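The shown structure was predicted, so the numbers you read here are calculated from the model rather than taken from an experiment. As a basis for the values below, the full set of heavy atoms in this structure was taken, side chains included, without hydrogen atoms, waters or symmetry mates.
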Amino acid sequence: MDAVEIESEDNVGEIKEGPWMQEPISDGQKNFIESLITQAIDSKLDELAAEAKQYLASGEATKGNASQMIDKLKDALS
């Protein structure tokens, strides 16, 4: 049987930083964050939900920092 090389998770789907990170948040990211906010409220994570709502309303949401908020919400919900 031949050996199979398995890539580590570190190399999978890594996206390079760049000017795209400063672009306004995408509708898909916004909708996903809104769905995570609903889950946070259902899970009694009201402070986190309020923080995420404020983030979306701030006008400072970008494609780059949206992924950080998504990760924060997902981590709290897992």
Side-chain angles (χ1 to χ4, degrees):
M1 193 175 220
D2 293 336
V4 177
E5 186 176 323
I6 299 173
E7 280 195 43
S8 71
E9 286 186 24
D10 296 337
N11 297 334
V12 177
E14 203 162 307
I15 300 172
K16 300 239 185 277
E17 292 183 11
W20 65 269
M21 293 180 74
Q22 301 307 316
E23 293 175 10
I25 188 171
S26 71
D27 287 341
Q29 286 174 311
K30 184 178 179 191
N31 292 338
F32 188 51
I33 290 173
E34 288 172 346
S35 72
L36 291 172
I37 290 171
T38 301
Q39 291 176 45
I41 291 168
D42 292 346
S43 299
K44 308 279 190 264
L45 300 171
D46 295 337
E47 270 187 42
L48 182 60
E51 179 185 342
K53 284 181 183 180
Q54 182 180 0
Y55 162 77
L56 288 178
S58 72
E60 296 177 12
T62 65
K63 289 180 179 177
N65 63 25
S67 60
Q68 293 171 341
M69 180 55 72
I70 289 168
D71 288 345
K72 185 173 187 173
L73 286 160
K74 284 172 51 178
D75 288 346
L77 291 166
S78 60

Exercise for the section: Report yes or no: do Met21 and Met69 belong to one cluster of Ile/Leu/Val/Met/Phe/Trp/Tyr joined by side chain heavy-atom distances under 4.5 Å? Expected result: no
Practice task
Find the distance between CG (Leu73) and CD1 (Ile37) and round it off to the nearest 0.5 Å.
Solution key: 6.5 Å
Exercise for the section: Look up atom CG in Asp27 and atom CD in Glu34, then write down how far apart they are to the nearest 0.5 Å. Expected result: 9.5 Å
Problem - Distance, nearest 0.5 Å, that separates CD of Gln54 from CG of Leu56 - result: 10.5 Å
Fill in the blank from the handout: Taking every heavy atom of Ala76 against every heavy atom of Leu45, the minimum-distance pair comes out as O-CD1, 3.8 Å
Handout entry: Main-chain N/O of Tyr55 paired to Asn65 side chain as donor or acceptor, under 3.5 Å
Key = no
Handout entry: Exercise: identify the closest heavy-atom pair between Leu77 and Ser43
Key = CD2-OG, 3.8 Å
Problem - For Ile33 against Ala52, the heavy-atom pair lying closest together - result: CG2-CB, 4.4 Å
Completion exercise
Closest non-hydrogen contact found for Gln22 with Thr62 is O-CG2, 3.8 Å
Completion exercise
Closest heavy-atom pair, Pro24 versus Lys63, reported as atoms and distance to 0.1 Å, is O-CG, 3.4 Å
Practice task
Compare every heavy atom of Ser67 with every heavy atom of Gln29, then report the nearest pair and how far apart it is.
Solution key: NE2-N, 4.4 Å
Exercise for the section: Tell me, with the steps shown, if Ile41 and Lys53 meet side-chain contact (heavy atoms from CB on, under 4.5 Å). Expected result: CA-CA 11 Å; Ile41 291 168; Lys53 284 181 183 180; 3.9 Å; yes
